Engineer: 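Got a structure for you, written out below as structure tokens; questions coming shortly.
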Amino acid sequence: MTMTVMSERKPLVVRPDTVVALPRHVQLKFDKLREMWLLLAPERILTPDDIAVRVLQLCDGTRSVHQVCEVLAEIYAAPIDRIEADVIVMVQDLATQGYLQSFETGA
């Protein structure tokens with residue numbers, strides 16, 4: 001009898017140099033009727049706040065988390081180290097839930 005072992009996908013560990021984007025099955029959309037942003041995935045909906053929407057819009061697969069934080073630090077006139085700590089936690093949580101993936105690896 002032959003058994004095939006399926007390899008498990010490694011969980012994404014978000015670092016400042018990680019580049020993330022929404023996977024194909026996830027969409028960030030503005031609901032005009034409700035006048036709010038929605039993060040849509042199969043059988044799941046999140047309602048991100050304004051800052052989370054800004055972060056998600058910047059996580060487009062072209063910027064690292066650090067580069068996203070540089071933009072946010074300029075917009076909000078806040079220290080980048082504090083922003084980066086908060087953004088890494090948020091991005092890690094969304095990646096763990098499957099709302100974001102690493103752009104380089106597709107993880």
Side-chain angles (χ1 to χ4, degrees):
M1 179 163 135
T2 305
M3 293 182 64
T4 304
V5 177
M6 294 179 63
S7 65
E8 292 184 28
R9 189 183 326 173
K10 283 185 163 184
L12 175 61
V13 176
V14 177
R15 299 182 320 261
D17 63 341
T18 305
V19 177
V20 293
L22 298 173
R24 290 182 210 213
H25 66 277
V26 176
Q27 297 179 345
L28 179 64
K29 290 201 170 202
F30 186 76
D31 184 324
K32 291 179 186 176
L33 182 63
R34 293 181 186 95
E35 295 185 2
M36 64 190 317
W37 284 95
L38 302 173
L39 189 58
L40 307 169
E43 300 182 21
R44 299 179 289 165
I45 298 175
L46 288 182
T47 54
D49 65 21
D50 292 340
I51 294 174
V53 168
R54 180 86 59 148
V55 172
L56 289 165
Q57 290 171 330
L58 292 169
C59 291
D60 59 3
T62 65
R63 297 176 183 94
S64 68
V65 170
H66 182 76
Q67 290 169 323
V68 166
C69 294
E70 288 176 330
V71 173
L72 295 171
E74 189 172 315
I75 291 169
Y76 296 109
I80 193 165
D81 56 333
R82 175 143 187 207
I83 288 175
E84 192 166 78
D86 292 342
V87 169
I88 286 175
V89 169
M90 185 190 102
V91 170
Q92 181 67 64
D93 185 45
L94 290 170
T96 300
Q97 294 179 54
Y99 289 101
L100 287 171
Q101 68 180 14
S102 170
F103 187 78
E104 292 97 353
T105 64

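What you see is a predicted model, and the numbers here were worked out from it, not measured in a lab.
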Engineer: Could you state whether Met90 and Ile88 fall into the same hydrophobic cluster, counting links through intermediate Ile, Leu, Val, Met, Phe, Trp or Tyr residues with side-chain heavy atoms under 4.5 angstrom apart?
Structural biologist: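 Both belong to a single hydrophobic cluster.
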Engineer: Do Gln101 and Leu12 make a side-chain contact, defined as non-hydrogen atoms from C-beta onward lying under 4.5 Å apart?
Structural biologist: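 Contact flag for Gln101/Leu12 side chains = no.
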Engineer: Do Ile75 and Ile83 sit in the same hydrophobic cluster, where Ile, Leu, Val, Met, Phe, Trp and Tyr count as joined when their side-chain heavy atoms come under 4.5 Å apart?
Structural biologist: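 Linked within one cluster.
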Engineer: Using side chain to side chain contact (heavy atoms under 4.5 Å, CB included), reason through Leu58 and Gln67 one step at a time and then give a plain yes or no.
Structural biologist: CA-CA 9 Å; Leu58 292 169; Gln67 290 169 323; over 6 Å; no
Engineer: Taking the side chain as every heavy atom from C-beta outward, state whether His66 and Ile80 have any pair of such atoms under 4.5 Å apart.
Structural biologist: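 Yes, their side chains come closer than 4.5 Å.
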Engineer: In Å, rounded to the nearest 0.5 Å, how long is the span from CZ of Arg15 to OG of Ser102?
Structural biologist: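 Arg15 atom CZ to Ser102 atom OG measures 8.5 Å (nearest 0.5 Å).
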Engineer: Can you tell me which residue pairs pass the side chain to side chain donor-acceptor pair (under 3.5 Å) test with a partner in residues 88-100, sequence neighbours excluded?
Structural biologist: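 Every side chain to side chain donor-acceptor pair (under 3.5 Å) pair that includes a residue of residues 88-100, provided the two are not neighbours, is Gln92-Thr96, Asp93-Gln97.
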Engineer: Is the closest side-chain heavy-atom distance between Asp81 and Glu84 below 4.5 Å?
Structural biologist: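 Result no, sub-4.5 Å side-chain heavy-atom pair not found.
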Engineer: Looking only at non-hydrogen atoms, find the nearest pair between Ala21 and Gly61 and report the distance.
Structural biologist: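 For Ala21 and Gly61, the tightest heavy-atom pair comes out as CB-N, 3.6 Å.
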Engineer: Side chain to side chain contact (heavy atoms under 4.5 Å, CB included) for Val20 and Val68? Distances and angles first, verdict last.
Structural biologist: CA-CA 10 Å; Val20 293; Val68 166; over 6 Å; no
Engineer: Going by heavy atoms in the side chains, are Leu100 and Leu22 under 4.5 Å from each other?
Structural biologist: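 Side chain of Leu100 against side chain of Leu22, heavy atoms only: contact under 4.5 Å found.
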Engineer: For Pro23 and Gly98, which heavy atoms make the closest approach, and how far apart are they?
Structural biologist: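 Heavy atoms of Pro23 and Gly98 come nearest at CG-O, 3.7 Å.
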Engineer: A quick test of your reading: do over 12 heavy atoms of other residues, nucleotides or ligands sit less than 6.0 Å from CZ of Arg44?
Structural biologist: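 Enclosed.
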Engineer: Under the ring-ring contact (aromatic ring centres under 6.0 Å, His included) rule, what pairs show up with a residue in residues 30-54, not counting sequence neighbours?
Structural biologist: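 Checked against ring-ring contact (aromatic ring centres under 6.0 Å, His included) - neighbours excluded - the pairs reaching residues 30-54 are Phe30-Trp37.
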Engineer: Rounded to the nearest 0.5 Å, what's the gap from CG on Leu40 to CD on Gln27? Could you check?
Structural biologist: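 Between Leu40 CG and Gln27 CD, I get 6.0 Å after rounding to 0.5 Å.
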Engineer: Mind checking the CD1-NZ spacing from Ile45 to Lys29? Nearest 0.5 Å is all I need.
Structural biologist: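 Spacing of CD1 (Ile45) from NZ (Lys29) equals 12.0 Å.
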Engineer: Less than 3.5 Å apart, which donor and acceptor atoms pair up between the side chains of residues 47-57 and the rest of the protein, not counting sequence neighbours?
Structural biologist:
unit_1: Asp49; atom_1: OD1; unit_2: Ile51; atom_2: N; d: 3.2
unit_1: Asp49; atom_1: OD1; unit_2: Ala52; atom_2: N; d: 2.8

Engineer: Between Thr18 and Val91, is a side chain to side chain contact (heavy atoms under 4.5 Å, CB included) present by the stated rule, with each step listed?
Structural biologist: CA-CA 10 Å; Thr18 305; Val91 170; over 6 Å; no
